[in-house]
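Sequence lines set the chain letters: A, B, ... in the order given, protein chains first and strands last, and positions in each chain run from 1.
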Amino acid sequence: MDYQFRDIEQRWQKFWADNQTFKVENNSEKPKYYVLDMFPYPSGAGLHVGHPLGYIASDIFSRYKRLKGFNVLHPMGYDSFGLPAEQYAIQTGQHPAITTEANINRYREQLDNLGFSFDWSREVRTSDPSYYKWTQWIFMMLFNSWYNLESDKAESIEVLVKKFESNGSEGIKAVSDDDVAVFTADEWKNKSDAEKQNELLKYRLTYLRESTVNWCPALGTVLANDEVKDGYSERGGHPVEQKKMMQWSMRITAYADRMLQGLDSIDWPEPLKEMQRNWIGKSVGALVKFSLTPTPSPKERGEPGGEQPGYMTADPAIWDILKEHSRQHRKDSTQAEDILWQHLRNSKTGYKIRRQHAIGTYIADFICLKKGLIIEVDGGYHTEIKDQDELRSEALNNLGFEVIRFSNEQVVSDPTGVSGKIKEKLNTLPDRILGDSDSLSLGEGRGEAYIEVFTTRVDTIYGTTFLVLAPEHELVEGLTTPDRKEEIQNYIDQTRKKSELDRMADTKTVSGAFTGSYAKHPISGEPVPVWIADYVLAGYGTGAVMAVPSGDQRDWLFATKFGLPIVAISDAQVNLDQEADPTKEGKYINSGIVNGLTYKEATGVLIAKLEELGAGKAKVNYRLRDAIFGRQRYWGEPVPVYFKDGLPYLISIEDLPLLLPEVDKYLPTESGEPPLGRAENWKYKGELEYELSTMPGWAGSSWYWYRYMASPEDRKQDVFAPADAIAYWKDVDLYIGGSEHATGHLLYSRFWNKFLKDLGYVVEEEPFKKLINQGMIQGRSNFVYRIIDESGRGTNKFVSHGLKSQYTTSAIHVDVNIVYNEILDLEKFKAFRPEFAEAEFILEGGKYICGVEVEKMSKSKFNVVNPDDLIERYGADTLRMYEMFLGPLEQSKPWNTNGIEGVFKFLRKFWKLFHDDEFNFRVSDEEPSKAEYKALHKIIRKVEEDIERFSFNTSVSSFMICVNELTDLKCNKKQILEQLVQVLAPYAPHITEELWTLLGNPAGSLSASSYPKFNPEYLVENEFSYPVSVNGKTRMNLSISLTLTQPEVEEIVLANEDLRKYLEGKSPKKIIFVKGKIINVVI
RNA sequence: GCUCGGAUGGUGGAACUGGUAGACACGCAGGACUUAAAAUCCUGUUCGCCCUAAAGCGAGUGCGGGUUCGAUUCCCGCUCCGAGUACCA
C-alpha cells in the first residue's frame, strides 16, 4: 500500500494516548531537560496555521533530547482566564467557564492532531480552582513580605514588625511608599492596630494605594502599562484615560535592578533583552532641590506692584512666626489629628487636604484649598484658642473659607464616619477659583518648600537658566502669581484638551507659560524663573526639570522660543546659536566651583557639594512603575482579601481557594462596583466585604511552569509544587514563544520567580535559561478583480491579475483555501458566495491568476489557513516538516502553502525506500555499501548539529538530500534505514513509528531508543576535487589526494595544461593552498 | 529621533569559524506515460552576450568604498524594509 498517512497517524496518536508514552517521572537517573511552550489563551477561533510553529519546534527538540538520553519535561496547558470569554459572556449570558471549556476541548483536539509528545497528565488551567488556589497563595506571600535593601531580598513582614518594635523606623532600608512615617519603637507600640496595618501597607510587596491608573471605560477596568499601546487598550483597541483610583499594586520596582542584572546571565534574543532594559529604564543621575524660600518678592525682582505672591495665604507680616508655629503643630500633633490625617491624606477623600496650614493670621488644622473648606479638631494641643472658636470661624469665613469642626472624641471613636462627613461636605461645595488666595504646599510637614528635579547631567547645573514643571505638577497652582493666573490656566486647559496621543504626536510645537515665580539655584544662589510646559512629563522623575538650554535640545528650543538665556558650560560646546550641544568633552566654563574640570570630576564634586548643602543627592531613577494588579472584571482570580474598618486583611490560608462567586450578569453593579459586587451573600465569615477586583491576566501565567513540575500524584499534596520536584527540574532549559510577551509575561514571571527564590520556595534566580522567539506567521491574502462599469457599479465579470490594468476593477478578498499557487478554482469560487454563482471570467493562459498581499491572518480577510484542513490533505508529519521547512524559526514570514507538495513527496519517497514497486514492505539484511553509509552518517551529523542550533529548516533539506541519494542508490538495507528512522523520528513521529514496528521493533519503543551514533570514518575521503582559481576566479576543478603537501600540490597544478592558458606565459607570484578547501593561483 | 533586526534567482530560502554563491523545495518550460486529465517520472531553469546548441566569455548576494591571494561573510559610509520605543530630563 502507498503511504496511508491518515490511518497511520490516527493509529499512533491513539497508541501514545492509551499507553501514556510521554508521561514523565520526577525521579530519574537521566539528566533533566525542561522544554516549555508559552501556553495559549484558548480563544474561540481555534488554532490557525501560525500557532503551532513554536510547538512543532519544541516538540522536535523534546523528542530529540529524549533520544539523546534526557528525562524531558514537555508539558502543555491553558491560560484560561481572560477578557474574550468575559466579553462573550456579557453578550450572550453564557458563563465564561462553559465557553472556556468548549474552547479548550477544541484546542486539545487540534493539538492532538499534530502528534505532539506532551505529557498531558500535567496539564494546567489557570481558571481551575485547584490551580488558582496557588496563584492566590502567592499573592498572600507577597502581601506578607517587604523588600529589605540591606539583604537585597524579600523578607517576611514579621521581620519588619520586629525591627519596628525594637528600633522604630530608624535604620530601615526598604523599598516602600514615599510617605512612610518616622517613629520610635515606643511610638510604634502605642499605635493602634489599624495604624500599624496602615503603615505596614506602605512596605508590603503587594499593596493598596491610590495611584494614577490607565482606566479603560469601554472595558470598565484598569490596565497595566504593558496592556496599553499608544493610548489604546491592547485587547479591543478602546481609548484609555488616566484616572486616580485606590488600586492593588505589586512592588515590582523593588526588583528593578536584579531584573536588569539577571538579563546578562540568560540566553535570550538580544532585541528582547533590550526591550526589557528599556522598559526598566534605569538612569543614573541626581535629585536636586531648588528652594522656593525665600522667594524674591515682586520688588526684589524689580517688577511693579507690591502684592504678595499668590501662593501665600498667610499674613505676610507675621509669616515667619506662623511658619514656626505650623511646624511645631505638625510635630506635636494630637492623636485625633493623626488618626484623621490618615483618613484624609493622599487625596483619600478625592481632594487634596493640607494640614497645619497658615491662613491669614491663623493656622488651620486641615484645609482643602480647592474647595475652601477648613476642618478643625477641637481640644488637645491648641485648647488655648478654644474660646475664640467662633471668632475664628467668622474671620475665616470672611477670607472665603468654610469651617467644620469635630471633637477629639468623635474623631478617635469613629474616624471613618468623620472622614465620610468631610467627604460629603467637600462634594457639595463648589470649586474655589484657581489661584485665588491659594497657597503653596509646605510639603506636608517635611520642611521648606522647594522644587525637586531629576537630572542625569548634574555636571551642567550651572547652565540652568530656568526650571520647567509639568502642567499637572502639584506646585503649579501655588507658584502662579496673580498676574500670570489667566495665562497659566489657559495653558493648562489647552494641554488637558490635547489627548495623550496628540501630545505624543505633536512633539515639534514648542509651548509653555511662565508662572511668575522664581526658584533659587542651589549652588550659585541665582534666581531661576519657573515655567510650565507639556514637554515635561508628570509621570517621570519628579515631574520637573532643570532646563539647560546649552546642553539639551528640548531646553534649547524652549529657550529660543521664549527668549531665555543660553549659557555655555563647556569649552567644547559649539554652534550654540544653531542647536544644543550635549557633549561631555572639554573643560567646564561659567561653572563656579567646577570651572576647568572634566565631566567625571565635575559630577563627583557637584554631588558632594549638593549633599553638603542638603540640596541634592545621587539618585538612580527607573522608568519601571509598580504593576497595577486589580482588574474590575469577573473572569479572573478573586483577590484573597477582605476589608475591616477600611483596611485590607488577608483571608485565612485554610480558606483557599477563594472561589469565584456566581453572578447574575457579568457587568458592573449600578453603583459602579466591579461585577463581583453582584454576588449574593458573598462575604468573608458571612459579614465582611471581600475585595471586588480580580487579578490581571498575567497573574496565573507568572508561575505556571512550576505547577507542571508537580506530577498528578504530587498535586494531592498541599503545596504549589513539591520541593523535591523543584530541586530536580530547577528551571526551564528551553522556552519557546512570541516576542509580544517581552514586557508583560516575561517580566512579571521573572519578578515572581525572584520573589519565590527569596522566600526559599524555588532554587533558581532566573526561570528561563534559554528563550527563542518564533517568528510570526502572517496571512497571505488572495484577491480577485471585479470589473467596474462606467457608472462605477460592480459587474459580474472578473479579470485575471495580469490583465487587470486594462480595466477598472475593485479588488475583493477571496478565500485562500480555493486558490492553489495563485490559480483560482473557478467552480469553488462560484460556490464561495451566492453573488458569484453566475460569475464570468477573463482568463490569461486559460487560468485565473489571483493577486497577493501580506496581511495579518484574520477571518475577515479570508486568509486563515486551518491546520486541520492541511492535515486532512497531507497528514500531520507533512505539516510539521513543512512548517519547519518554511524558513528559520525566528524569522517572521507570510504563510504560503505552495511548497507543501514537495515535503509530501519527500515522505512518500521515504516510505518507498522500505517498499518494492507493488508497495510490499521489503528491506534487506545485506551489508550496506560505502556510499550508503556515507549518506546515513552525513544526515546523522547534520541533524544533530542543526537541532542543537535550532536550525530546523536546514535539517529538512538535508533529509531530502539523503532520501534522494538513497533512492538513487536503490538502498533498502535495514542497517541504514533503521537508523534513518531514528534520525527522522523527532520531525515525523507517525511515519517513523509505523516503519519502526514494520522493521520488527516493539510498538512504541522508538522514543525510548537512542539517537544513532555518528561515525566520522564513513565520511573520510582520500581525494578532494579542488576548485582551482586564478586571481580569485574559479577556473576548473582538480581531483587531488588529501595526503599531499603544498609543494606536491603546486607541482601538479602547474603541470596542468588547462591552467597554462590562464597563466599567459607568466609564472605565478604565489599559490594559496588550503587543504580540503581551495587552490588559488595569483599571477 | 533612538535601539535592534534584515536586504541573496520568478518565490521560500541555503552557504555554520572569509574558501566552487544560489543547496533543498516551489514555480515555470520542455519531454515520457495516457484517448485525455490527474498522479508519476525525466531534462532544463541567476542574468547578459554569441542565429541555435555545445563550448566559452562577462556580470552578479541593496548602493558606494576599504581590508584580503580570496568577501554574501570582516570594516567604514549610505539607501530601503521590518520590529520595538519615545518629549525619560
Please check if the distance between the ring centroids of A:Trp911 and A:Phe919 is under 6.0 Å.
no

For A:Phe910, all residues meeting ring pair (Phe, Tyr, Trp, His ring centres under 6.0 Å), sequence neighbours excluded
A:Phe914

Indicate whether any N or O donor in one side chain lies under 3.5 Å from an N or O acceptor in the other, for A:Ser781 and A:Asn863.
yes

Side chains of A:Tyr491 and A:Ser511: any donor to acceptor distance under 3.5 Å?
yes

side-chain hydrogen bond (donor to acceptor under 3.5 Å, both in side chains) involving A:Ser1029 - partner list, sequence neighbours excluded
A:Asn1080

B:A37 and B:G56: how far apart are their P atoms, nearest whole angstrom?
38 Å

A:Arg277 vs B:U85: side-chain N/O to OP1/OP2 distance below 4.0 Å:
no

Output a table of nitrogen or oxygen pairs between the protein and nucleotides 15-22 of chain B separated by less than 3.5 Å.
none

What nucleic acid atoms does A:Val1082 come within less than 4.0 Å of, heavy atoms only: base, sugar-phosphate, or nothing?
sugar-phosphate

Between B:G9 and B:C26, how far is it from one C1' atom to the other, in whole Å?
13 Å

Tell me: CD1 of A:Ile961 to C1' of B:A14, nearest whole Å?
9 Å

A:Lys934 NZ: over 12 foreign heavy atoms closer than 6.0 Å
no

If the C1' atom of B:G13 is compared with that of B:A23, how far apart are they to the nearest Å?
10 Å

Contacts under 3.5 Å, N or O only, protein and nucleotides 56-58 of chain B:
residue: B:C57; atom: OP1; partner: A:Tyr1062; partner atom: OH; Å: 3.4

B:G30 glycosidic torsion: syn (within 90° of 0) vs anti:
anti

Using atom P of each nucleotide, how far apart are B:U85 and B:C75 to the nearest Å?
28 Å

Take atom CD of A:Glu579 and atom P of B:G1, then tell me their distance rounded to the nearest Å.
14 Å

Does the plane of the ring in A:Trp531 sit parallel, tilted or perpendicular to the ring in A:Phe466? Use 30° and 60° as the thresholds.
perpendicular

From C-beta outward on A:Val536, which listed nucleotide comes closest to its side chain: B:U40, B:A89, B:A25?
B:A89

Return the orientation label for the A:His745 and A:His741 ring planes: parallel under 30°, perpendicular over 60°, tilted otherwise.
perpendicular

Just by distance, no angles: are the side chains of A:Tyr848 and A:Asp825 close enough, under 3.5 Å, to form a donor-acceptor pair?
no

Determine the interatomic distance between P on B:G18 and the same-named atom on B:U72; round to the nearest Å.
13 Å

Between atom NZ in A:Lys970 and atom P in B:C41, what is the gap in whole Å?
13 Å

Under a 3.5 Å cutoff, is there a donor and acceptor pairing between the side chains of A:Tyr987 and A:Asp877?
no

Counting only N and O atoms by type, is there a donor-acceptor contact under 3.5 Å from the side chain of A:Gln276 to the main-chain atoms of A:Ala742?
yes

Rounded to the Å, how far apart are A:Trp556 CH2 and B:C87 C1'?
16 Å

Does a donor on one side chain sit under 3.5 Å from an acceptor on the other, for A:Thr954 and A:Asp946?
yes

Quick one: are the ring centres of A:Tyr874 and A:Tyr882 less than 6.0 Å apart?
no

Closest-nucleotide ordering on RNA chain B, the 5'-leading residue of A:Thr455 and A:Lys909
A:Lys909

Is it true that A:Arg277 and A:Asp264 make a salt bridge, defined as a side-chain N closer than 4.0 Å to a carboxylate O?
yes

Answer with base, sugar-phosphate or nothing: what part of the nucleic acid does A:Asn621 contact at a heavy-atom distance below 4.0 Å?
nothing

May I ask you to check whether A:Ser283 and A:Tyr540 show a side-chain donor-acceptor distance below 3.5 Å?
yes

Rounded to whole Å, how long is the line connecting atom CD of A:Gln778 with atom C1' of B:A83?
11 Å

Examine B:A14: is either OP1 or OP2 under 4.0 Å from a nitrogen or oxygen in the side chain of A:Asn953? Give yes or no.
yes

Show each protein N/O and nucleotides 2-12 of chain B N/O combination with a separation under 3.5 Å, one pair to a line.
residue: B:G12; atom: O2'; partner: A:Leu886; partner atom: O; Å: 2.6

Taking the same atom, C1', in B:A55 and in B:A36, what whole-Å distance lies between them?
41 Å

Comparing A:Ile900 with A:Phe454, nearest RNA chain B nucleotide closer to 5' gives the residue A:Ile900

Of the candidate nucleotides B:C69, B:U40, B:A89, which contains the atom at the shortest distance from the side chain of A:Ser283?
B:A89

Spacing between A:Asn898 atom CG and B:A25 atom P, to the nearest angstrom
16 Å

How many Å lie between CE on A:Met960 and C1' on B:C24, as a whole number?
7 Å

Expressed in whole Å, how much space separates the C1' atoms belonging to B:G22 and B:C81?
22 Å

How far, in whole Å, is B:C87 from B:G66 if one measures between their C1' atoms?
39 Å

Find the distance A:Phe904:CZ to B:U40:P and express it as a whole number of Å.
9 Å

Side-chain ion pair, A:Lys912 and A:Asp2, N-O less than 4.0 Å
no

For RNA chain B, please output the secondary structure as dot-bracket, reading 5' to 3'. Pairs are Watson-Crick or G-U wobble, both atom distances under 3.5 Å; mark crossing pairs with [ ], other-strand partners with |, unpaired with a dot.
(((((((..(((......[....)))((((((.......))))))((((......))))..(((((..]....))))))))))))....

With respect to the side chain of A:Lys905, which nucleotide from B:U40, B:G84, B:C88 is positioned closest?
B:U40

With a non-hydrogen cut-off below 4.0 angstrom, is A:Pro888 in contact with a base, only sugar-phosphate, or nothing?
sugar-phosphate

